[in-house]
Peer 1: 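Pasting a structure below so you can have a look.
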Amino acid sequence: LESARFAELCTGCSRCLPQCPVRIDIPWLNTVLRHRLAHHDHVGQTSRSVPSTETAAAPPNQVTITANTLTDRRTPLREVFFGRYDAAGQWGSRFAALVHAGGKFSLARIALEKIFGVDRRRRLPTFAATTLVQAASKMTQPEMMLDRPGGLSCTTGKKAVLFADVFTNYGSPARGLATLKVLRRLGLDITVSETSPDGRAPLSQGMLATSAAQARGTAAMLKSYLEEGRDILVVEPSVLSMFRLEYKHLLDRPQERDIVHWLRARTFDPCEYLWQLLPACGLDAVRIFPAARDPHSNRIFFHGHCQQRTIGAAAPTEALLRAAGFDVVTSQVECCGMAGSFGYKKEFYELSMAVADDLFAQVRRAEAEGGPRTLVASGTSCVEQLRAGFARPVLHPMELLATIVQAGRITEGQDHDYRSL
Ligand code: SF4
């Protein structure tokens, strides 16, 4: 198993997946190997005479995912720290000001490096004092109805729910609120789910039992929305990718086949959903979101999230932005190098920044002619990496569109008054 240490270098970007002609799921194989390595290391530290039945008996591409999350007790502290983002978010949002202030002190960063192996040159993302679910609950029904622009309503009868994934709920609620407001402007019947850990964070740390338990909880919660006829919108691409790619591994009981199929078929990136919705409603992106009204500039640099590209949700985002009239330069790198927690870990920081160098160079080249561009990225970790490289704001595509809608009057055959978002 020692010779499988290469798996610890795998960022899980999934870009090898569409390249493999026989569709070998290399990211999943590496996840299983990381899981076994964690067990192997634990056994090595505690009792070398006790063999791991899982590592000894199971073939290399299979793992028995037990429902007992206690099996993840062998996971090292640093991996638990990153793998339980949901717990960190719950507490972090309660003490958001304290966490924010603490992150500015180099002493606190040194302590994080010593205890959890987080490189001191990184700043951990902060938490929002008001979560997405809390902010959405304060939007009253009359406000929501007033948001509808007369004449622009989308009457397809579609209904949706915005899944409050833990990264958006605790870390970046503004992206979720922007999505909610843009889609409500179009008259879509959209609500917000309760938050629920979906398994992405523990999966990235090889904590398979915790990941499967979280996936089961989220699938059960979302099932009721699917039964209501609602499509599920997911802001964070790595979570959307879970539904489409990894849940089939995690929810492997025969009675779970249907929910895995539904989640795969009826979960969408918000821009991907909008790109399908506009023509169905006979609406034109350039009329609804005219880039010329962007208060900053219509020149943007868009970096699609690696897993978003693999599942085919980055191309519709780019198409939507171009159709709205943006002058788009798209990054040509496969991954930003941050890849969730990968770039925060002390031993991978240099590698993470080396991977990002190409992305940073592409931004600089794009800005060499004609001046600055608004940086736009869909993934939480891509945003953090671009911020680390350029120390300036990076917007989610839905925040960009919400800014335009907010900026003023928009015409669709005639003028309409828009209230501020
Ligand atoms: S780093 Fe990305 S491309 Fe390389 S093996 Fe892992 S998932 Fe595949």
Side-chain angles (χ1 to χ4, degrees), residues 1-38 40 59-63 65 75 78-79 82-83 117 119 122 167 198-208 211 215 236-250 264 269 303-315 330-360 362 377-386 388:
L1 196 60
E2 274 304 319
S3 59
R5 291 278 169 203
F6 64 84
E8 292 173 345
L9 281 175
C10 175
T11 63
C13 71
S14 76
R15 295 305 295 139
C16 50
L17 210 51
Q19 302 301 326
C20 177
V22 288
R23 292 289 183 269
I24 294 174
D25 195 339
I26 297 169
W28 178 253
L29 287 176
N30 285 336
T31 299
V32 172
L33 284 171
R34 280 201 300 278
H35 170 76
R36 291 193 183 171
L37 283 164
H40 172 78
N61 62 341
Q62 285 180 19
V63 65
I65 302 173
T75 309
R78 195 254 308 266
E79 275 62 34
F82 285 116
D119 194 285
R122 287 285 188 200
F167 305 105
D198 49 79
R200 167 52 72 191
L203 187 80
S204 69
Q205 308 304 317
M207 298 163 64
L208 289 185
S211 181
E236 174 54 38
S238 63
V239 176
L240 178 61
S241 161
M242 282 288 284
F243 293 134
R244 293 198 188 168
L245 299 179
E246 278 95 6
Y247 268 29
K248 66 177 181 289
H249 298 300
L250 297 170
R264 191 186 171 102
D269 175 277
H303 173 68
H305 183 274
C306 48
Q307 291 160 342
Q308 187 189 25
R309 293 177 197 214
T310 299
I311 58 175
T330 311
S331 84
Q332 299 303 311
V333 297
E334 297 291 1
C335 175
C336 70
M338 183 66 99
S341 64
F342 181 83
Y344 289 102
K345 294 179 177 175
K346 191 171 181 302
E347 69 271 33
F348 300 136
Y349 173 80
E350 304 286 353
L351 180 57
S352 163
M353 293 308 283
V355 172
D357 272 351
D358 196 16
L359 172 62
F360 297 162
Q362 286 183 23
S378 304
T380 303
S381 39
C382 316
V383 168
E384 293 303 327
Q385 189 77 308
L386 282 165

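As the structure lists them, so they are numbered: ligands from 1, and atoms in each ligand from 1. For clarity, every value in this text was computed on a predicted model and none was experimentally measured.
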Peer 1: Arg309 side chain to Ala314 main-chain N or O, any donor-acceptor pair under 3.5 Å?
Peer 2: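 The answer is no, because no donor-acceptor pair under 3.5 Å joins these two groups.
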Peer 1: Among Ile26, Thr310, Asn30, whose side chain to side chain contact (heavy atoms under 4.5 Å, CB included) with Cys16 holds?
Peer 2: Ile26
Peer 1: How far apart are the closest heavy atoms of Ser14 and Pro27, and which atoms are they?
Peer 2: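 Minimum heavy-atom separation between Ser14 and Pro27: CA-CG, 3.8 Å.
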Peer 1: Which atom pair, heavy atoms only, marks the closest approach of Leu386 to Phe360?
Peer 2: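 Smallest heavy-atom distance, with atoms named: CA-CE2, 4.3 Å.
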Peer 1: If you draw a sphere of radius 2.8 Å around atom 8 (Fe) of ligand 1, how many protein N/O/S atoms end up strictly inside it?
Peer 2: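 Considering protein N, O and S only, atom 8 (Fe) of ligand 1 has 1 within range.
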Peer 1: Which one of His303, Gln308, His305, Gln307 satisfies the side chain to side chain donor-acceptor pair (under 3.5 Å) criterion with Ser378?
Peer 2: Gln308
Peer 1: Excluding sequence neighbours, so at least two apart, what forms ring-ring contact (aromatic ring centres under 6.0 Å, His included) with Tyr349?
Peer 2: none
Peer 1: Could you tell me whether atom 7 (S) of ligand 1 has at least one protein heavy atom nearer than 4.0 Å?
Peer 2: yes
